[in-house]
Structure formats: structure tokens, C-alpha cells
Amino acid sequence: MKSYKIKQSSQILFITILIVITLCGIYILNTLNDKPLPKLATFILIAAIIAISYFSARYLSTAEIEIIVNKEGIKKKWTKQFILRNRPNVKIDWNEISEYLFERDRNWSTFEIVTKTGAIFQLVHNDDYDNKDDFLKFVRNFESKVQKINSDDIPENDIIRAPTIYEGSTGVMIAIFGGVLVFGLMMSIFISVEKPKHYYGIIAACLGVSFFIQQVYSHRKRKH
């Protein structure tokens, strides 16, 4: 039996808290100051609001769990629940698991188990905690256990590794669509008489699409 202490995150909770605290901070800043502040002071205050929002969101959107892996299966015990939540502990036997997914992305990793009945066990992890908890150790141990189960020549007990969005056909279609969209946007700017005054949005779109295409390419290359 092995036990892993993990910090579980909620992306929805993180984004919601981040937006709410940021907007409240900016509103309070505008309400309390009748006269415009110097640019440097305004920049420092906004940076402080963003920093407070980020660290508050990260703390409040993090729960603590303990995962126990043994020969029967996996047990998940809550040691610290998400704010305003009270979720039950979970137990899954190995012969109940149909497939699993492990996907690393920018700042977030997702580990997911799908049972033969269609139930989904999902664990989202903020990569800031990679060296501060046992998440990666748990994933490595789980995958080695799956390899052992699949090598026992009992087909009905086999556990499939599901493809990530970058490895599947959906990721390829999104990458192609994004590439065509960005290419069309660049061509329209090139032949247009009136050039845009600001390129920030265009640069951000190009970087986002380029990152996605690079991820699709690298994941599919590793797969093959």
C-alpha cells in the first residue's frame, strides 16, 4: 500500500475568485480616489491588486487530498475540502476502471479515471505544486500499476490510456482551423489599406495558436 498527499485544484474556482477580487479591487480603487493618481502609483496599486487576487485565488481554489493505492484499487480521502464544498471520499477498484487520461498543459495538469459504468474521477493539479506534493509520484505509480495489470493477459481487466486533446483527431482539427484562421488574418492585414493601430490582440492570437500547434506536433511525434 502507498499513500500520496496531493493538492487538488479547481480551475473554475480559481478563475472566478481571480476575476471577482480583481474587479472588486479596481472598483474600490476608483471609488476611494476622487482625484487621478500619478501613473506610477496607479501602476503599483493595480499590480498589488492583481498579485493579491492571484495568490488569494490560488489558495482558495486548492483542496488537500490523500490517495491510497493498494492491490484492490484506489481510495481518495479529503483532508481539506474546497471552500463551501463537502464532497464524499471515493473508492475505485482496479477491475472497475475502463480508461485513464493524464494531460499536462500550461500551469495545469489533469488526471482522469473513467469507470466501466461511465463514472468519472477527475483530479486537476496546479503545476506550481509539482515539487510540493506527491502528484507526479502518484501518476507514475498508477501508470506502472496499469502496465502490470495489462500484462496479466486478462483482456476484460485491461485499462486503456485515453489520448489527450493534442494526440486525438480533435486537436489536429483545432490546430488546422487555428492555423488557417491566423494565416487569413495576417493576409487580410497585409492587403488591407487601413492597418490596425494596435497589434497586441493579433500577437496574442498568433502566440496562442502557435503554442497549440507545437503541442499537437510534439505529442503526436512522441506517440509515434
Side-chain angles (χ1 to χ4, degrees), residues 3-68 74-90 100-113 120-140 142 164-166 174 198-212 214-215:
S3 174
Y4 303 91
K5 298 185 183 300
I6 297 172
K7 295 181 182 294
Q8 180 171 338
S9 301
S10 169
Q11 288 174 299
I12 295 175
L13 201 56
F14 176 87
I15 294 169
T16 302
I17 294 171
L18 182 69
I19 292 173
V20 169
I21 294 179
T22 301
L23 292 179
C24 288
I26 293 173
Y27 174 77
I28 293 170
L29 181 64
N30 290 333
T31 303
L32 296 178
N33 289 281
D34 297 330
K35 297 180 180 180
L37 293 172
K39 290 184 178 179
L40 179 60
T42 302
F43 174 80
I44 292 173
L45 286 172
I46 291 176
I49 290 170
I50 293 173
I52 292 170
S53 302
Y54 172 79
F55 287 107
S56 298
R58 192 176 76 165
Y59 175 77
L60 294 173
S61 65
T62 302
E64 295 178 2
I65 62 172
E66 181 183 10
I67 294 184
I68 299 171
I74 298 171
K75 295 179 182 178
K76 173 185 173 182
K77 296 168 60 179
W78 294 93
T79 55
K80 175 191 169 186
Q81 295 268 358
F82 288 116
I83 184 171
L84 303 178
R85 302 279 181 87
N86 186 21
R87 296 179 175 177
N89 296 332
V90 178
Y100 79 96
L101 168 73
F102 176 53
E103 182 174 350
R104 288 182 72 82
D105 211 333
R106 288 181 296 180
N107 302 323
W108 304 92
S109 294
T110 302
F111 177 82
E112 191 174 279
I113 291 174
I120 297 175
F121 163 89
Q122 188 181 69
L123 169 57
V124 178
H125 185 260
N126 188 323
D127 292 344
D128 288 344
Y129 297 122
D130 271 359
N131 298 318
K132 301 174 183 177
D133 67 2
D134 300 326
F135 175 71
L136 293 178
K137 292 179 182 177
F138 160 68
V139 173
R140 285 193 293 267
F142 178 88
T164 66
I165 188 172
Y166 302 118
I174 293 174
H198 302 289
Y199 289 87
Y200 306 123
I202 298 169
I203 293 172
C206 291
L207 289 174
V209 171
S210 299
F211 173 82
F212 192 90
Q214 186 272 331
Q215 289 293 307

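Each residue takes its place number in the sequence, starting with 1.
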Query raised in the report: Going through the distances and angles, do K5 and D134 end up as a side-chain contact (heavy atoms from CB on, under 4.5 Å)?
Result: CA-CA 6 Å; K5 298 185 183 300; D134 300 326; 4.0 Å; yes
Report task. Mind running side-chain contact (heavy atoms from CB on, under 4.5 Å) on H125 and L136 for me, showing each step along the way? Result -> CA-CA 10 Å; H125 185 260; L136 293 178; over 6 Å; no
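- Atom CG of N126 sits about 4.5 Å away from atom CH2 of W108, to the nearest 0.5 Å.
- Across all their heavy atoms, L60 and L13 have their closest contact at O-CD2, 3.6 Å.
- Annotation for T62 and S9: closest pair OG1-OG, 4.2 Å, computed over non-hydrogen atoms.
- For the atom pair CD1 of I46 and OG1 of T22, the computed distance is 10.5 Å after rounding to the nearest 0.5 Å.
- The CZ atom of R104 sits 13.5 Å away from atom CZ of F111, with the distance rounded to the nearest 0.5 Å.
- The number of heavy atoms from other shown groups lying within 6.0 Å of CG (N89) is above 12.
- Looking at every heavy atom in both residues, D133 comes nearest to K7 through OD2-N, 2.9 Å.
- Contact record, W78 with A63: CZ3-CB, 3.6 Å, taken as the closest heavy-atom pair.
- Atom OG1 of T79 and atom CD of E64 lie 5.0 Å apart (nearest 0.5 Å).
- Atom CG in L18 sits 8.0 Å away from atom CD1 in I15 (nearest 0.5 Å).
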Requested in this report: Quick one: do Q81 and R87 satisfy side-chain contact (heavy atoms from CB on, under 4.5 Å)? Show the steps, please.
Outcome: CA-CA 7 Å; Q81 295 268 358; R87 296 179 175 177; 3.7 Å; yes
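- Heavy atoms only, all atoms of each residue included: F121 and K76 are closest at CE1-CD, 3.2 Å.
- Geometrically, K80 engages Y59 in a cation-pi contact, judged by NZ or CZ lying under 6.0 Å from the ring centre and within 45° of the ring axis.
- Of the possible donor and acceptor atoms, none in the side chain of S10 sits under 3.5 Å from a partner among the backbone N and O of S61.
- Ring planes of F142 and Y100: perpendicular class, angle over 60° (limits at 30 and 60°).
- The aromatic rings of F135 and F102 lie tilted to each other, with the angle between the two planes from 30° to 60°.
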Requested in this report: Check the pair I67 / I74 against side-chain contact (heavy atoms from CB on, under 4.5 Å), numbers first and verdict last.
Outcome: CA-CA 7 Å; I67 294 184; I74 298 171; 3.6 Å; yes
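- Here the CD1 atom belonging to I68 is positioned 11.0 Å from the OH atom belonging to Y4, to the nearest 0.5 angstrom.
- Of all heavy-atom pairs spanning D127 and S109, the tightest one is OD1-OG, 2.8 Å.
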